[in-house]
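Notes follow once the structure below has been shown.
Nothing here was measured: the structure is a model prediction, and the numbers come from that model. Just so it is clear, the values below take in all heavy atoms, side chains as well, and ignore hydrogens, waters and symmetry mates.
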Amino acid sequence: MKFAVPFLLVSSLTSLAVASDADAKVPPKDLVIAPTRPTDVTHAIPASECTRKSAKGDQLSMHYTGTLFDSGKKFDSSRDRNQPFNFPLGGGRVIKGWDEGLVDMCIGEKRILTIPPNKGYGDRGAGGVIPGGATLVFDVELLDILNKGSELSVSAADTADTAKKVRTPPTKLQIGVLKRIPDCTRKTRAGDELSMHYTGTLFSDGSKFDSSLDRNQPFDFKLGAGQVIKGWDQGLLDMCIGEKRKLIIPPAMGYGDRGAGAKIPGGATLVFHVELLDIKNLHAKEEL
């Protein structure tokens, strides 16, 4: 699930015009950024207390709730999972509306982003919950700038290196659902023969170490039989065909202190983007 948005400032007059459009359910043609109007005044961040604003290259930790502009229907929320979403701003890891709309944000600040299709998921939509051509509304809160307190160089390489140093890898398996399947009649369980696509990267620097997509060759294995690392045997349970997940796997559930080959060092935390293509033993039962 790729969520990301760029940002531009709007005047109070523009905000009023946009509010009128929203009331009439006329989607805006460009990105609209508005501060939320919380009843709790502690959500406001005075200029005197905002010592650092978000910038491209920062590692942000966000809470968000996404809804469709036309119906108000919720399609995703990190708050529902009680799991903040972390990503590098301006790196293309999220939709354009996020990469632009989250610039110059203070820690603790909340915004509402109204994102037109050309800065969201375009005509293709996403999964089964975001239709093509949808205008999106995100209620976002900046929880932290993970690399704050470090003196960042203007060099992109130095920025990436500084961000890498301050990232703290999780100590437990993290499972994020990137694409949900609404009509799922069968979920994976131990003993199933799975066919997967995956891309593996290092948590520390994002470097890719393997991908079935690059070979255009799905990976088949038996779930729960010890044929793969523990992070996979546990992280791929209760998965629907077509579902996509992001697994962050600590060393104890990956390759431990020994690492693997030349590309996975000892003690490495791993990140896998995975897609379940098929549960192959279902077809075997049908043939019988």
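- Although no hydrogens or angles enter the test, the distance criterion places no donor-acceptor pair under 3.5 Å between the side chain of Thr135 and the main chain of Pro116.
- The pair Asp210-Arg215 counts as a salt bridge, with a side-chain nitrogen and a carboxylate oxygen less than 4.0 angstrom apart.
- The two residues Pro170 and Pro250 make their nearest non-hydrogen contact at O-CB, 3.8 Å.
- Using a distance-only test at 3.5 Å, with no hydrogens or angles considered, a donor-acceptor pair links the side chain of Asn281 to the main chain of Glu193.
- Checked against salt bridge (Lys or Arg N to Asp or Glu O under 4.0 Å), Asp144 has the following partners two or more places apart in sequence or in another chain: Lys148.
- Listed by first and then second residue, the disulfide (SG to SG under 2.5 Å) pairs involving residues 59-111 are Cys50-Cys106 (not counting sequence neighbours).
- Among residues two or more places apart in sequence or in another chain, the salt bridge (Lys or Arg N to Asp or Glu O under 4.0 Å) test is passed with Asp220 by Lys280.
- In this structure, Phe138 has its ring center at least 6.0 angstrom away from the ring center of Phe69.
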Q: Quick one: do Ser212 and His197 satisfy side-chain hydrogen bond (donor to acceptor under 3.5 Å, both in side chains)? Show the steps, please.
A: CA-CA 6 Å; Ser212 64; His197 262 321; 2.7 Å; yes
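- In this structure, Ser54 contributes its side chain and Leu102 its backbone to a donor-acceptor pair below 3.5 Å.
- Pairing each heavy atom of Ile145 with each of Arg52, the nearest pair is CD1-CG, 3.9 Å.
- Tyr255 and Phe209 fall within the same hydrophobic cluster, where Ile, Leu, Val, Met, Phe, Trp and Tyr residues are linked whenever their side-chain heavy atoms come under 4.5 Å apart, directly or through other members.
- For the atom pair CD1 (Ile130) and NZ (Lys73), the distance works out to 11.0 Å, reported to the nearest 0.5 Å.
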Q) side-chain hydrogen bond (donor to acceptor under 3.5 Å, both in side chains) between Asp139 and Thr65: does it pass, once the steps are laid out? A) CA-CA 5 Å; Asp139 182 338; Thr65 297; 6.0 Å; no
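- Residues Met62 and Leu143 fall into different hydrophobic clusters, defined by Ile, Leu, Val, Met, Phe, Trp and Tyr side chains chained together at heavy-atom separations under 4.5 Å.
- No donor-acceptor distance shorter than 3.5 angstrom exists from the side chain of Ser61 to the backbone of Asn86, with no hydrogens or angles considered.
- A donor-acceptor contact shorter than 3.5 Å is absent between the side chain of Thr114 and the backbone of Pro27.
- Side chain of Glu243 to main chain of Lys179: no donor-acceptor pair is present (N/O by atom type, distance under 3.5 Å, no hydrogens or angles).
- Residues Phe221 and Val274 fall within the same hydrophobic cluster, defined by Ile, Leu, Val, Met, Phe, Trp and Tyr side chains chained together at heavy-atom separations under 4.5 Å.
- No chain of hydrophobic side-chain contacts below 4.5 Å, direct or via other Ile, Leu, Val, Met, Phe, Trp or Tyr residues, connects Ile181 to Ile175.
- Within the 4.5 Å cutoff, the side chain of Leu202 has no heavy atoms near those of the Lys208 side chain.
- Within the structure, the salt bridge (charged side-chain N to carboxylate O under 4.0 Å, His left out) test picks out no pair touching residues 246-263 (sequence neighbours left out).
- Here the side chain of Asn82 pairs no donor or acceptor atom with the backbone of Arg79 at under 3.5 angstrom.
- With sequence neighbours excluded, the residues that form a salt bridge (Lys or Arg N to Asp or Glu O under 4.0 Å) with Asp80 are Lys74.
- The stretch residues 208-274 participates, sequence neighbours left out, in these disulfide (SG to SG under 2.5 Å) pairs: Cys184-Cys240.
- Panel note: side chain Arg245, backbone Gly235; a donor-acceptor pair is recorded below 3.5 Å.
- Between the side chain of Asp192 and the backbone N or O of Leu194, no donor-acceptor pair lies under 3.5 Å.
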